[in-house]
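Read the structure below first, then the notes.
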Amino acid sequence: MKKISVVFTTLLVEKSPQALPLGAACCASAVKNHPLTKDFCDVSLYATSVEDEDFIKANTSPDSAAEFLAEQISKYKKDNQEKFICCFSIYMWNRIILEKTAAILKKNGALVLCGGPEVTAHPEVFKAFDGIIPGEGENKVPELIGKLLMLPPVESKQKENSDKNCIKELIYSSPYLDGTLDPSDYDGALWELARGCPFKCSYCYESKGEKSVRLFPMERIEAELDLFARKKIGQVFVLDPTYNANKERALKILNLLKKKTPDTFYYFEARAEFIDKQLAKAFTQIPCAIQIGLQSSNEEVLKLLNRPTNKKTFAKNIGFLNEEGAIFGFDLIYGLPGDTFKSFKESIDFALSLYPNNLEIFCLSVLPGTDLYDRAEELHLTYESEPPYHVLHTDKFSAQDLNQAKKIANACNIFYNDGRAVPWFNSICKAAKIRGSQFFVLFAEYLGNKKINCRNHKEIENIQIDFVKQLLQKNHQEKYIKLACDLIIFNGALSRTQDTGKSEKIDLNYDSEYLASEYAADLQFFIQNIKMHQNTTETFKNGNFADFKKVKK
């Protein structure tokens, strides 16, 4: 029997380490290595993004985009081949186009299969495909292809070993190790360490799955690390929603990262409940950032989400990260059941009080296949029927409130995240006698319909200075203007030097040594005790970190 061409494909939102086709690649790797299909299938992986130049040219409509993709995928079919299989990895953002693409290929004689989060959420709606694969596909896809091609059955050698705690070791082939996916093509990697989650947050796909975590074996993890080291991969996004749930394993892997890939930057997801001093210190031993899902500071809202959190414990454990100088950020969601616009702003203020390096604010998506979706009527959630399933209003969060929250989220992203404002934001809010959430409300009004180039930090810095000047003048706090501007300029230059390695010279009204000190946390104390001293300061890279020195004009 001649080998059958099998193409795994998806459409990405961008070409980046965060958006590489890992799901499709894992299934492609499984078909390559599964004893049922490995001798009968010629496997390929094709993925493009909406930012690809050729796709942009073709994307004058969903139909034209689908025709372009179908044409590209068809190139993988061998001449004179009767059968051709295409497997689609479907997400919220690509569903419509990929369904149209599949229809074109099917009309031309291909067998079309689909999997991914959208298919797992509501498999019953994907009727136009020859086969659907809800859930994990590594075993299901080879078995389905075997049935479609009527391949001779074999006993699978895939095994899962489990202990009494229902924690299993996954024995799947690695798409990185077998060459299916090259992280160098994406300037980084998505890296799976485990699957599953011990928690049941109602807005997450894991809310209705088994309450268990299944670990990838350490042998595979070490082999993939060796590959990342050989290829000098610069950044890795770790796919484990509760990386620190198992402290011993978390520390062991952090030590491996320090040993094998000391120059690679890692992004982790962690639970604040499991952070202690030892773990906080371990995170600072490698270049990394930690993202923590706060979602809301309202404990009653969190109970409705099956995500109970103790604010005091949360703040205490985040304190360990701050003490050690770890880089971390929070996620917040607006439009949650039981939440109000007022309590949403209180969540912002609680989050900012803990000095996160970034604060990501999202609109609630009521995802099909989640517990929240099943309880939407009970929880008074009205939401979009099509992707991205955003909430439209609740009984306590009006459509107008949601629109205002969206503006606040955008203001926070520009001013705080892209503006790299964490070193001085709370200090200026305190001097202006304003809460952080209200600061973002006013900044959103200031922005209006202005289009900001968020990739140009210098442009954002100029906007920050202009807005802060206006805010302090309006609140009759003009005495702080020169100091506030110095803090913005000084920390901005340091951050750009850290980013690019390029030195900058800046003119300041206050001594840069004091601007970098703890005195800058209280602007009133600062101006009462520190005299103005005009100077020129130069930032420069000192080893792995940005530094500064005063220079003569």
Side-chain angles (χ1 to χ4, degrees), residues 345 348-349 352-353 355-359 407-408 410-448 450 452-454 456-498 504-539 546 548-551 553:
K345 291 195 293 183
I348 292 176
D349 293 328
L352 291 170
S353 73
Y355 294 85
N357 292 85
N358 64 286
L359 180 58
K407 292 179 180 179
I408 289 174
N410 181 58
C412 175
N413 189 52
I414 293 172
F415 195 99
Y416 192 86
N417 298 340
D418 293 327
R420 308 170 193 178
V422 62
W424 46 264
F425 182 81
N426 285 340
S427 302
I428 289 179
C429 284
K430 182 180 178 181
K433 298 180 179 180
I434 189 173
R435 292 182 180 274
S437 59
Q438 186 59 23
F439 185 104
F440 293 141
V441 169
L442 296 175
F443 185 62
E445 293 174 359
Y446 167 88
L447 284 177
K450 290 180 184 176
I452 310 298
N453 181 4
C454 292
N456 186 337
H457 179 257
K458 190 65 179 177
E459 179 181 336
I460 296 175
E461 182 180 283
N462 291 334
I463 292 170
Q464 289 172 326
I465 290 171
D466 185 59
F467 175 74
V468 167
K469 281 181 178 178
Q470 291 185 31
L471 177 66
L472 292 172
Q473 288 171 346
K474 183 178 179 181
N475 292 4
H476 308 294
Q477 302 296 332
E478 293 90 342
K479 60 185 176 182
Y480 297 123
I481 288 177
K482 287 186 178 180
L483 174 56
C485 291
D486 268 12
L487 285 171
I488 296 171
I489 292 168
F490 172 66
N491 285 287
L494 278 174
S495 72
R496 289 190 295 274
T497 296
Q498 180 68 35
E504 291 190 23
K505 287 185 179 179
I506 49 176
D507 293 323
L508 301 168
N509 296 292
Y510 290 91
D511 193 307
S512 49
E513 292 286 349
Y514 289 115
L515 293 174
S517 74
E518 60 186 20
Y519 293 139
D522 188 332
L523 303 199
Q524 182 177 359
F525 178 87
F526 193 106
I527 63 172
Q528 287 175 347
N529 293 276
I530 307 297
K531 293 182 180 180
M532 291 181 64
H533 173 67
Q534 293 186 346
N535 67 95
T536 298
T537 290
E538 182 179 11
T539 61
F548 65 93
K549 61 183 178 182
K550 286 186 290 185
V551 297
K553 290 188 177 181

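Computed from a predicted structure; not experimentally measured.
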Item to check | Working for side-chain contact (heavy atoms from CB on, under 4.5 Å), residues T537 and K549 | outcome: CA-CA 6 Å; T537 290; K549 61 183 178 182; over 6 Å; no
Considering all heavy atoms of both residues, which atom of [X] and which atom of [Y] are nearest to each other, and what is their separation?
{"X": "V468", "Y": "A484", "value": "CG1-CB, 4.0 Å"}
{"X": "S512", "Y": "K550", "value": "OG-CG, 3.6 Å"}
{"X": "E504", "Y": "A493", "value": "OE1-CB, 3.7 Å"}
{"X": "I408", "Y": "I348", "value": "CG2-CD1, 3.6 Å"}
{"X": "L487", "Y": "L523", "value": "CD1-CD2, 3.6 Å"}
{"X": "E478", "Y": "H476", "value": "OE1-C, 3.3 Å"}

So do the side chains of [X] and [Y] get within less than 4.5 Å of each other, counting heavy atoms only?
{"X": "R420", "Y": "R496", "value": "yes"}
{"X": "Q438", "Y": "K345", "value": "yes"}
{"X": "Q534", "Y": "D507", "value": "no"}
{"X": "L442", "Y": "F467", "value": "yes"}
{"X": "H533", "Y": "Y514", "value": "no"}
{"X": "E538", "Y": "F548", "value": "no"}
{"X": "I463", "Y": "I414", "value": "no"}
{"X": "I506", "Y": "T536", "value": "no"}

Checklist entry - Would you say the ring centroid of F526 lies under 6.0 angstrom from that of Y519? => result no
Checklist entry - Do the ring centers of F443 and Y446 come within less than 6.0 Å of each other? => result yes
Next on the checklist: Within the 3.5 Å criterion, strictly below it, is a donor on Y510 or N535 matched to an acceptor on the partner's side chain?
Outcome noted: no
Checklist entry - Would I465 and I489 satisfy side-chain contact (heavy atoms from CB on, under 4.5 Å), going step by step from the backbone distance to the final call? => result CA-CA 8 Å; I465 290 171; I489 292 168; 3.7 Å; yes
Can you measure from [atom1] ([X]) to [atom2] ([Y]) and round to the nearest 0.5 angstrom?
{"X": "D486", "Y": "L508", "atom1": "CG", "atom2": "CG", "value": "4.5 Å"}
{"X": "I434", "Y": "F440", "atom1": "CD1", "atom2": "CZ", "value": "10.5 Å"}
{"X": "I488", "Y": "L515", "atom1": "CD1", "atom2": "CG", "value": "11.5 Å"}
{"X": "N417", "Y": "I460", "atom1": "CG", "atom2": "CD1", "value": "9.5 Å"}
{"X": "E459", "Y": "Q464", "atom1": "CD", "atom2": "CD", "value": "11.0 Å"}

Checklist entry - Are any of the side-chain nitrogens in D511 or K531 under 4.0 Å away from the carboxylate oxygens of its partner? => result no
Next on the checklist: Let's go through Q498 and L494 carefully: what are the C-alpha distance in whole Å and the side-chain angles of both, what is the deciding distance for side-chain contact (heavy atoms from CB on, under 4.5 Å) to 0.1 Å, and is it a yes or a no?
Outcome noted: CA-CA 6 Å; Q498 180 68 35; L494 278 174; over 6 Å; no
Item to check | Criterion side-chain contact (heavy atoms from CB on, under 4.5 Å) on I452 and D418, from CA distance to verdict | outcome: CA-CA 10 Å; I452 310 298; D418 293 327; over 6 Å; no
Checklist entry - So, N456 side chain and K458 main chain: donor-acceptor pair closer than 3.5 Å or not? => result yes
Item to check | Test item: D349 side-chain N/O and R435 main-chain N/O as donor-acceptor pair under 3.5 Å | outcome: no
Distance-only check: which donor-acceptor pairs under 3.5 Å involve side-chain atoms of residues 422-433, not counting sequence neighbours?
from	atom 1	to	atom 2	distance (Å)
N426	ND2	L352	O	2.9
S427	OG	A520	O	3.0
S427	OG	A521	O	3.3
K430	NZ	D522	OD2	3.4

Item to check | More than 12 heavy atoms from other groups under 6.0 Å of CD on E518 | outcome: no
